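Let me begin by presenting the structure, written as structure tokens, before commenting on it.
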Protein chains: 2
Amino acid sequence: MEEMAPAAPRRAGSGKKAASWTQDPEGVRRNILAIARAEFVENGLSGARVDEIAAKTSTSKRMIYYYFGDKEGLYRAVLEEMYARIRNFERSLDLAALPPREAIATLAGFTFDYHADNPDFVRLVMVENIHHARHLENSAEIGELNLSAIDMIREVYERGLREGVFRAGLDPIDIHLTISALSFYNVSNRASILQVFGHDMGAPGARERRRASIIDTVLRMLAP
Amino acid sequence: MEEMAPAAPRRAGSGKKAASWTQDPEGVRRNILAIARAEFVENGLSGARVDEIAAKTSTSKRMIYYYFGDKEGLYRAVLEEMYARIRNFERSLDLAALPPREAIATLAGFTFDYHADNPDFVRLVMVENIHHARHLENSAEIGELNLSAIDMIREVYERGLREGVFRAGLDPIDIHLTISALSFYNVSNRASILQVFGHDMGAPGARERRRASIIDTVLRMLAP
DNA sequence: GACCAATTGAACTAGTTCGTACATTTAGCA
DNA sequence: TGCTAAATGTACGAACTAGTTCAATTGGTC
């Protein structure tokens, strides 16, 4: 779903000695980030190889260290870019315009789709959790999107309460966790579920059925 | 929650040259497996270091290769032991003796507790999914526990249908996925949720509330 | 057009990591 | 008791890996 950021036409010829190149710092940065993301997502932080990332880049290993300091710096940059992206996704939703039940159904459906369509995001969060989220910890600007997601749910939930379509006593974060867990697991554990149960949660048919089931489950959770 | 399998008293003195030792193949095996599990769970497959595992063992690196062939063989052994364990857990449940709704509530509660009490299991499954479950694939004897879990749910579900306490049209595997997802996520994503939302799903109070909420959600999913 | 800071390239290195070769000890059995 | 196979210890090496050194090129600015 993402372009590879081909870093502008560089070194048109081969890698000869006296070859010349045009400067394009932003392009180089984006190119490195895109490749690095793919590698970290596929092999994890310790499994990814800097030399491998460098080789797949249209630039050299030297540039990785020049722009990102070290391997962890590069990983952190990938992580931050990924979270910035999901923040955008969340901002794109306008639940306030919908009736409570439809708002929750929309949120659940969109969340499910976002996870299913962005396995990279899911896998990176898995990797980060294996590392006890200590890179997320050192990364500023993560705390911003905190309340936005929860507050959005709280607003809809309280509106639903006033209208009598939701039951009282629920915690907005509990609603968020339920939606996230059901959406996340369908991607994160796809491989092991396939091996153990022979059921492919990612197959088109199964995915759609699961999507409907999850929306239904969340609505039932909130029903009076 | 697990003993360290101290591999029988070996080399009572120090590691001197002429020291003697008593043979204990099984003890050595178990000792290596226990240490290896901790390392793989903590650092993943690529992050774990064979030398580090060997150092923490009461035996030497030579033994690891003697018994398990290579790093992947050791990892596979750890994985198989872990799955054998959960199979035992599932067999310990006797849902047939309970009324349908209580049976499901019990299953959900037990599943939640098993995950919460065995983060090692959860983390190892995460690691395995990062690797696309390809080690699970090459490991025989995994397919056995397939139907047991699903069949157990199917039996209870159909009983509930006949008694009119469950609604029709559900897939047993869908029920299983819901219970697993909600239980798994609470452990697997604890670190990132704490960082992003400042909410600790593992804290005693939060854990109990979440447990009750999940059981309730599953029952509502099945209600007519 | 000359000068300096920002960029980039290629080779190199110090330390790590998996795995092995070789020697030795133990346990059980003829 | 002596012999053999299983089990264990020690030391080492080849390959890999993150990060660096040194030098060169570019773009903009005076």
Side-chain angles (χ1 to χ4, degrees), chain A residues 6-33 35-36 39-40 43-78 135, chain B residues 5-33 35-36 39-40 42-78 135:
Chain A
R10 6 186 345 88
R11 282 191 282 108
S14 64
K16 291 299 182 203
K17 270 296 172 61
S20 91
W21 36 267
T22 50
Q23 286 190 193
D24 180 15
E26 258 324 297
V28 170
R29 253 188 88 95
R30 284 210 320 277
N31 175 243
I32 293 175
L33 270 181
I35 304 286
E39 288 294 309
F40 284 130
N43 308 107
L45 173 52
S46 15
R49 300 293 164 227
V50 176
D51 286 298
E52 185 69 15
I53 294 173
K56 292 183 178 171
T57 302
S58 44
T59 179
S60 70
K61 183 163 65 158
R62 180 70 184 73
M63 289 298 93
I64 294 178
Y65 287 95
Y66 183 74
Y67 284 122
F68 302 100
D70 59 5
K71 190 182 179 183
E72 285 215 358
L74 178 58
Y75 173 79
R76 224 177 303 124
V78 168
H135 308 91
Chain B
R10 4 185 348 86
R11 282 191 282 110
S14 64
K16 292 298 182 201
K17 271 296 173 58
S20 90
W21 36 269
T22 48
Q23 285 190 190
D24 179 15
E26 259 324 296
V28 169
R29 251 188 90 94
R30 285 208 320 276
N31 176 243
I32 293 176
L33 270 182
I35 304 286
E39 288 294 308
F40 284 130
E42 187 55 30
N43 307 107
L45 173 51
S46 14
R49 300 293 165 227
V50 176
D51 286 297
E52 185 69 15
I53 294 174
K56 291 183 177 171
T57 301
S58 43
T59 178
S60 70
K61 184 163 63 158
R62 179 71 184 73
M63 288 298 93
I64 294 178
Y65 287 94
Y66 184 72
Y67 283 121
F68 301 99
D70 59 5
K71 191 182 178 183
E72 285 215 359
L74 178 58
Y75 173 78
R76 223 177 304 124
V78 168
H135 308 92

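Quick caveat: nothing in here was measured; it's all calculated off a predicted structure. Chain identifiers are assigned alphabetically (A, B, ...) following the order of the sequence lines, protein sequences preceding nucleic acid strands; residue numbering begins at 1 within each chain.
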With the side chain counted from C-beta on, respond yes when [X] and [Y] share a heavy-atom pair under 4.5 Å apart, and no when they do not.
| X | Y | answer |
| --- | --- | --- |
| A/F40 | A/K71 | yes |
| B/L45 | B/H135 | yes |
| B/F68 | B/R29 | yes |
| A/L33 | A/L74 | yes |

Please report, rounded to the nearest Å, how far the [atom2] atom of [N] is from the [atom1] atom of [X].
| X | N | atom1 | atom2 | value |
| --- | --- | --- | --- | --- |
| A/E26 | C/dA6 | CD | P | 16 Å |
| A/Y65 | C/dT7 | OH | P | 19 Å |
| B/L45 | C/dT17 | CG | C1' | 14 Å |
| A/K61 | D/dT21 | NZ | C1' | 12 Å |
| B/Y66 | C/dT26 | OH | C1' | 12 Å |
| B/D51 | C/dG15 | CG | P | 17 Å |
| A/I64 | C/dT8 | CD1 | P | 13 Å |
| A/L74 | D/dG19 | CG | C1' | 13 Å |

>> Below the 4.0 Å mark, does C/dT8 have OP1 or OP2 next to a side-chain nitrogen or oxygen of A/Y67?
In response: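 The answer is yes; a side-chain N or O of A/Y67 sits under 4.0 Å from OP1 or OP2.
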>> Check this one for me: any side-chain N or O of A/S60 less than 4.0 Å away from OP1 or OP2 of C/dG9?
In response: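 Yes, such a contact exists.
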> Can you find a donor-acceptor N/O pair under 3.5 angstrom joining the side chain of B/K71 to the base of C/dG19?
Replying inline: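 No, no donor-acceptor pair under 3.5 Å.
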> When we call it a touch if two heavy atoms are under 4.0 Å apart, what does A/R62 touch: a base, just sugar-phosphate, or nothing?
Replying inline: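 It contacts base atoms.
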> Using a cut-off of 4.0 Å on non-hydrogen atoms, how would the nucleic acid contact of A/A54 be classed: base, sugar-phosphate, or nothing?
Replying inline: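 It contacts nothing in the nucleic acid.
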> Which of these nucleotides, C/dT8, D/dA18, D/dT8, is closest to any side-chain atom of A/R49?
Replying inline: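 Nearest nucleotide to the side chain: D/dA18.
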> CE/A/M63 to CD1/A/I32 distance, rounded to the nearest 0.5 angstrom?
Replying inline: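 That separation rounds to 7.5 Å.
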